[in-house]
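Notes follow once the structure below has been shown.
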Amino acid sequence: MRVLVTGGAGFIGGHVVEALRARGHEPVVFDLRDGQDVRDAEAVAGALAGVDAVCHQAAMVGLGVGFGDAVEYVSRNDLGTAVLLAAMADAGVRRLVLAGSMVVYGEGRYACERHGVVRPGPRAVADLESGRFEPRCPRCGEELTPGLVEEDAPVDPRNVYATTKLAQEHL
């Protein structure tokens, strides 16, 4: 199978490319590092020629510096995904694996010994400055135990990156 891997030169994308090759598939790397941008409809259409499936790993990651970064995150992640999906529809490519992210669920699932499953709020600046990075119980302030996030967990994106990853899933 010939598979287009967007973001194929990145950390996860590179591992996807290796895994595809190891299983006898033909990965086609499409990556911004090589001057290829998923927002470029013509370049994406060309890369889809003869492709059976797409593994979409390309994304701007991280939290950014401030809300001014929102335009770039939305452009790269959501506009890029929309351009890719439109090109796939035009090319008749119907198989897609999208790189999702745990961040669409906010902090994930945590339990407090006293209060059961809780939804932690944002971390306090004082905690972060003193090196305490784990969230605390929003009711009593005690340490929490992390747990598995179930498939029916409510989404709770808390930053621009998380919101764009959720928008990609909706697209």
Side-chain angles (χ1 to χ4, degrees), residues 1-65 67 69-110 117 119-120 133-135 146-171:
M1 180 182 300
R2 191 163 195 245
V3 181
L4 178 67
V5 182
T6 67
F11 178 74
I12 295 173
H15 288 289
V16 169
V17 167
E18 288 176 16
L20 287 167
R21 278 197 187 112
R23 288 165 180 77
H25 299 290
E26 180 187 350
V28 177
V29 174
F30 189 92
D31 197 280
L32 190 59
R33 293 179 194 181
D34 298 329
Q36 301 164 312
D37 191 334
V38 292
R39 296 172 292 184
D40 181 343
E42 190 175 317
V44 172
L48 286 168
V51 164
D52 303 298
V54 174
C55 183
H56 186 34
Q57 301 291 322
M60 182 174 176
V61 299
L63 297 177
V65 175
F67 197 75
D69 295 334
V71 173
E72 192 66 17
Y73 275 92
V74 171
S75 176
R76 288 191 190 196
N77 297 352
D78 300 336
L79 175 61
T81 299
V83 168
L84 174 65
L85 293 173
M88 287 175 65
D90 289 345
V93 178
R94 302 281 180 238
R95 295 180 182 142
L96 171 70
V97 174
L98 172 69
S101 177
M102 174 66 190
V103 297
V104 302
Y105 300 106
E107 289 292 342
R109 181 182 171 100
Y110 286 92
V117 174
R119 180 180 172 260
F133 301 107
E134 293 301 318
L148 298 176
V149 175
E150 310 251 332
E151 289 187 32
D152 62 348
V155 294
D156 184 23
R158 296 185 178 192
N159 58 54
V160 173
Y161 172 69
T163 302
T164 65
K165 292 306 288 183
L166 181 59
Q168 285 180 318
E169 291 180 21
H170 288 288
L171 287 169

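A quick note: this is a predicted structure, and the numbers were derived from the prediction, not measured. Along the sequence shown, residues are numbered consecutively beginning with 1.
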Could you tell me which non-hydrogen atom of [X] sits nearest to which non-hydrogen atom of [Y], and how far apart they are?
X	Y	result
Ala47	Leu4	CB-CD1, 3.9 Å
Ala99	Gln57	CB-OE1, 3.4 Å
Tyr105	Ala153	CE2-O, 3.5 Å
Val83	Val38	CG1-O, 3.1 Å
Glu107	Pro135	OE1-CG, 4.1 Å
Ala87	Val44	CB-CG1, 3.6 Å

Would you say [X]'s side chain and [Y]'s backbone share a donor-acceptor pair under 3.5 angstrom?
X	Y	answer
Tyr73	Gly62	yes
Asn77	Ala59	no
Tyr161	Ala70	no

Would you give me the side-chain donor-acceptor pairs under 3.5 Å for residues 7-30, sequence neighbours excluded?
{"residue": "Arg23", "atom": "NH1", "partner": "Ala19", "partner atom": "O", "Å": "3.1"}
{"residue": "His25", "atom": "ND1", "partner": "Met1", "partner atom": "N", "Å": "3.3"}
{"residue": "Glu26", "atom": "OE2", "partner": "Arg2", "partner atom": "NE", "Å": "3.1"}

Nearest-0.5 Å distance that lies between atom [atom1] in [X] and atom [atom2] in [Y]:
X	Y	atom1	atom2	answer
Leu79	Leu84	CG	CG	11.0 Å
Leu98	Lys165	CG	NZ	5.5 Å
Met60	Asp69	CE	CG	5.5 Å
Asp78	Leu166	CG	CG	9.0 Å

Carefully, step by step, assess Leu85 and Leu96 under the rule side-chain contact (heavy atoms from CB on, under 4.5 Å).
-> CA-CA 9 Å; Leu85 293 173; Leu96 171 70; 3.6 Å; yes
Candidate list Val3, Leu48, Val97, test side-chain contact (heavy atoms from CB on, under 4.5 Å), partner Val54, passing option =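 The side-chain contact (heavy atoms from CB on, under 4.5 Å) with Val54 is passed solely by Leu48 among Val3, Leu48, Val97.
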With side chains defined as the heavy atoms from C-beta onward, is the minimum distance between Arg76 and Arg39 less than 4.5 Å?
->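 They are in contact (side-chain heavy atoms under 4.5 Å apart), so the answer is yes.
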